[in-house]
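As a basis for the values below, the full set of heavy atoms in this structure was taken, side chains included, without hydrogen atoms, waters or symmetry mates. For this chain, numbers begin at 1 and follow the sequence in order.
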Amino acid sequence: MSEKSEQIKKSKKTREAKPGELRAIKILETIEKFSKRPEARMDLQRLLDRLSPDGKIYARHLIMSGPSGNAATVTATGLTIKQIEDAMLEIEDGLSITT
């Protein structure tokens with residue numbers, strides 16, 4: 001490996017995930033997986049339609065803006081941390097995601 005490659009490798013920094021971020025990634029990945037399967041799209045749409053108002057706000061934010069930590073989601077949606085966590089749980093239950 002060249003010296004330049006070593007320097008680039010060493011300069012790349014990884015950051016710690018923000019609270020709620022990894023969970024949001026998992027939820028979004030599952031939503032995307034369902035949306036790509038024609039036989040699952042209708043089930044996904046029904047799930048999204050049946051969400052509570054807070055669940056719909058969170059799902060819309062997640063799909064439109066991508067996964068983010070709880071603090072950024074609070075700022076973007078106006079939901080509280082508790083509302084966000086409840087919305088995540090509601091979506092996870094609907095998609096049968098185990099945490």
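- In terms of modelled atom types and a separation under 3.5 Å, the side chain of Ser96 and the main chain of Glu92 share no donor-acceptor contact.
- Atom-to-atom distance recorded for Glu90:CD and Leu47:CG is 8.0 Å, nearest 0.5 angstrom.
- Interatomic distance, CD1 of Ile31 versus CG of Leu48, reported as 6.0 Å (0.5 Å rounding).
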Q: Report the C-alpha separation of Leu28 and Arg23 in whole Å, then their side-chain angles, then the decisive distance to 0.1 Å, and conclude whether the side-chain contact (heavy atoms from CB on, under 4.5 Å) test is met.
A: CA-CA 9 Å; Leu28 184 59; Arg23 192 173 173 193; over 6 Å; no

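- Annotation for Asn70 and Gly20: closest pair OD1-CA, 3.4 Å, computed over non-hydrogen atoms.
- Atom CZ of Arg50 sits about 10.5 Å away from atom CD of Gln45, to the nearest 0.5 Å.
- In terms of heavy-atom proximity, Arg41 sits nearest to Lys36 at NH2-O, 3.8 Å.
- For Glu16, there are no salt bridge (Lys or Arg N to Asp or Glu O under 4.0 Å) partners, not counting sequence neighbours.
- A salt bridge links Asp43 to Arg46: one of the charged nitrogens lies within less than 4.0 Å of a carboxylate oxygen.
- Shown here for Pro67 and Leu62, the closest heavy-atom pair between the two residues is CA-CD1, 3.6 Å.
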Q: Decide side-chain contact (heavy atoms from CB on, under 4.5 Å) for Thr77 and Tyr58; before the verdict, give the C-alpha distance in whole Å, the side-chain angles of both, and the deciding distance to 0.1 Å.
A: CA-CA 7 Å; Thr77 63; Tyr58 178 75; 5.6 Å; no

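- Between Ile27 and Leu95 the shortest heavy-atom distance is O-CD1, 4.3 Å.
- Pairing each heavy atom of Ala76 with each of His61, the nearest pair is CB-CE1, 3.5 Å.
- Among residues two or more places apart in sequence or in another chain, the salt bridge (Lys or Arg N to Asp or Glu O under 4.0 Å) test is passed with Lys82 by Asp86.
- Heavy atoms only, all atoms of each residue included: Ala59 and Ile91 are closest at CB-CD1, 4.0 Å.
- Within 6.0 Å of the NZ atom in Lys56, the count of heavy atoms belonging to other residues, nucleotides or ligands exceeds 12.
- Side-chain contact, Glu21 with Ser68: no donor N or O sits under 3.5 Å from an acceptor N or O.
- For Ser65, there are no side chain to side chain donor-acceptor pair (under 3.5 Å) partners at least two apart in sequence or on another chain.
- The same ILVMFWY cluster, assembled from side-chain heavy atoms under 4.5 Å apart, contains both Phe34 and Ile63.
- Using modelled atom types and a 3.5 Å distance limit, the side chains of Gln83 and Thr80 yield a donor-acceptor pair.
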